[in-house]
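Only a predicted model underlies this, so the values are computations on that prediction, with no experimental measurement involved.
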Amino acid sequence: MEGAQHAGAPWVEDSESGAKETGHTQSTAADSATGTQSARVFHGRIKWFDATRGFGFIIPDDGTADILIHFSVLREHGRRMLPEGATVVCEAVDRNRGLQATHVISFDLSTATGVDFDLRPAQRSDRANPAGMEDAGPMEPVVVKWFNRLKGYGFLNRVGNDADIFVHMETLRRAGIIDIEPEDRLTARITESGKGLLAVEVAKP
């Protein structure tokens, strides 16, 4: 499972904010050592990228272990994320917890199968931080009606109620949920978005 494999994924220093994420576990010595390492070039595709948390993973074509990619290496390309399925050519170095991309040489969005939130900033903002969060009800049981990972959204139902409740992939990922299947049981906070019911927070029961 992706979540289990990468739950302790390392982070890099975010020079924009000057803050280091709490998941980062490398030592200063280890980080300094990467400066003397020879970066290797890898060709691969985006496995997934969490636009809210700002990182994802690349699956190299040569079968090497997944490569961590942080949004900081995309700044020079004017992006903060790459959609699932996009092909990437990058330089990466070995760190304590695995390979990490240090420079993105090129990428091709024509192969992407996931949602490109950089091209839909308004929608991303609306769904990642939905209006009406303060008006959402308490956590309550829900059942997955269907979910399309490629489209990045799906629908839930309250138990015993067939009214559709929209749920976005970013809402799931904020809860640490990578994927869901029909009939899976969750709990959710639900609000009225003006376009219908919307799950603003989810969790596994």
Side-chain angles (χ1 to χ4, degrees), residues 1-9 21-23 44-59 63 65-69 71 80-87 98 109 111-205:
M1 294 290 292
E2 292 171 351
Q5 182 179 359
H6 303 305
E21 298 287 344
T22 57
R45 62 182 177 84
I46 297 295
K47 183 176 185 178
W48 58 265
F49 199 105
D50 190 320
T52 301
R53 297 181 181 178
F55 77 98
F57 285 88
I58 299 168
I59 303 175
D66 293 355
I67 301 169
L68 173 71
I69 178 170
F71 78 89
R80 289 184 60 86
M81 63 84 67
L82 287 174
E84 183 176 320
T87 54
L109 299 177
T111 63
T113 56
V115 179
D116 187 351
F117 291 105
D118 277 359
L119 295 182
R120 300 165 68 180
Q123 187 172 34
R124 173 189 169 190
S125 175
D126 181 52
R127 288 178 176 174
N129 300 286
M133 175 71 83
E134 66 278 4
D135 297 323
M139 283 290 196
E140 59 182 290
V142 293
V143 179
V144 177
K145 180 176 182 179
W146 63 265
F147 186 81
N148 189 315
R149 183 180 174 85
L150 298 183
K151 292 182 178 179
Y153 67 88
F155 289 91
L156 312 172
N157 295 135
R158 287 185 168 102
V159 177
N161 187 325
D162 60 2
D164 289 342
I165 305 163
F166 182 89
V167 62
H168 193 262
M169 181 180 289
E170 291 301 312
T171 306
L172 295 173
R173 286 185 171 164
R174 287 201 304 274
I177 301 172
I178 302 302
D179 205 358
I180 52 177
E181 300 289 340
E183 304 303 323
D184 281 355
R185 297 284 179 139
L186 301 172
T187 58
R189 293 185 63 204
I190 301 165
T191 189
E192 172 59 58
S193 69
K195 297 180 180 179
L197 297 175
L198 173 69
V200 296
E201 183 180 357
V202 297
K204 290 188 175 181

Colleague: Any idea which heavy atoms bring P83 and A112 closest together, and the distance?
Modeller: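 Closest approach of P83 to A112: CG-CB, 3.6 Å.
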Colleague: In Å, rounded to the nearest 0.5 Å, how long is the span from CD1 of I46 to OG1 of T113?
Modeller: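 One gets 10.5 Å once the value is rounded to the nearest 0.5 Å.
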Colleague: First locate atom CG of L186, then atom NZ of K204, and finally report the distance between them rounded to the nearest 0.5 Å.
Modeller: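 It comes to 8.0 Å.
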Colleague: D66 vs I58, test: side chain to side chain contact (heavy atoms under 4.5 Å, CB included). Steps then yes/no.
Modeller: CA-CA 6 Å; D66 293 355; I58 299 168; over 6 Å; no
Colleague: Taking R45 for its side chain and A86 for its backbone only, find out whether a donor-acceptor pair lies under 3.5 Å.
Modeller: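 Absent.
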Colleague: For the residue pair F57 and F49, establish whether any side-chain heavy-atom pair is separated by less than 4.5 Å.
Modeller: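 SC-SC contact between F57 and F49 ruled out.
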Colleague: Can you list the steps and then say if I177 with V202 is a side chain to side chain contact (heavy atoms under 4.5 Å, CB included)?
Modeller: CA-CA 9 Å; I177 301 172; V202 297; 4.2 Å; yes
Colleague: Taking the side chain as C-beta and beyond, is there a heavy-atom pair between E183 and V143 under 4.5 Å?
Modeller: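 They are in contact (side-chain heavy atoms under 4.5 Å apart), so the answer is yes.
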Colleague: Is K47 paired with E84 through a side-chain N to carboxylate O contact shorter than 4.0 Å?
Modeller: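 Looking at K47 together with E84, the answer is no, because their closest N to O distance does not fall below 4.0 Å.
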Colleague: Can you check side chain to side chain contact (heavy atoms under 4.5 Å, CB included) on I190 and L198, steps first, answer last?
Modeller: CA-CA 6 Å; I190 301 165; L198 173 69; over 6 Å; no
Colleague: Should N157 and D164 count as side-chain neighbours, where that means a heavy-atom distance under 4.5 Å?
Modeller: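 The answer is yes, as the side chains (C-beta and beyond) meet within the 4.5 Å cut-off.
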Colleague: Indicate, with yes or no, if the rings of F166 and F155 have centres closer together than 6.0 Å.
Modeller: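 Close enough - the centres of the two rings lie under 6.0 Å apart.
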Colleague: Are any side-chain N or O atoms of D50 and backbone N or O atoms of F55, one a donor and one an acceptor, separated by less than 3.5 Å?
Modeller: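 Such a contact is absent between D50 side chain and F55 backbone.
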Colleague: Counting distance only, does the side-chain N/O of T187 pair as donor-acceptor with the main-chain N or O of P141 below 3.5 Å?
Modeller: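 Flag not set: sc T187 to bb P141 has no pair under 3.5 Å.
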Colleague: Please check this pair: side chain of R189 against backbone of V200, looking for a donor-acceptor N/O pair closer than 3.5 Å.
Modeller: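 A pair under 3.5 Å: no.
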Colleague: Quick check for you: to the nearest 0.5 Å, what is the distance between M169 atom CE and N148 atom CG?
Modeller: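 So the gap between those two atoms works out to 8.0 Å.
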Colleague: Quick one: are K145 and L156 in side-chain contact, heavy atoms under 4.5 Å?
Modeller: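 SC-SC contact between K145 and L156 ruled out.
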Colleague: For a quick test of reading the model, state the closest non-hydrogen atom pair linking W146 to P182 and the distance between them.
Modeller: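 Minimum heavy-atom contact is CA-CG, 4.4 Å.
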Colleague: So, the side chain of N161 versus the backbone of R158: is there a donor-acceptor pair under 3.5 Å, distance only?
Modeller: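 Not confirmed, N161 side chain does not pair with R158 backbone.
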Colleague: So which atom in I165 and which in A199 form the shortest heavy-atom distance, rounded to 0.1 Å?
Modeller: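 Of all heavy-atom pairs spanning I165 and A199, the closest is CG2-N, 3.6 Å.
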Colleague: Distance-only, no hydrogens or angles: does the R53 side chain make a donor-acceptor pair with backbone N or O of R173 under 3.5 Å?
Modeller: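 The answer is yes, because a donor-acceptor pair under 3.5 Å joins these two groups.
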Colleague: Quick one, L109 and L82 - any side-chain contact, counting heavy atoms below 4.5 Å?
Modeller: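 Contact flag for L109/L82 side chains = yes.
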Colleague: Hey, does the side chain of E192 reach the backbone of G196 with a donor-acceptor pair shorter than 3.5 angstrom?
Modeller: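 Yes; judged by distance alone, with no hydrogens or angles, the pair exists.
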Colleague: Only counting residues at least two apart or in another chain, list the ones meeting side-chain hydrogen bond (donor to acceptor under 3.5 Å, both in side chains) with R185.
Modeller: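 Applying side-chain hydrogen bond (donor to acceptor under 3.5 Å, both in side chains) to R185 gives none.
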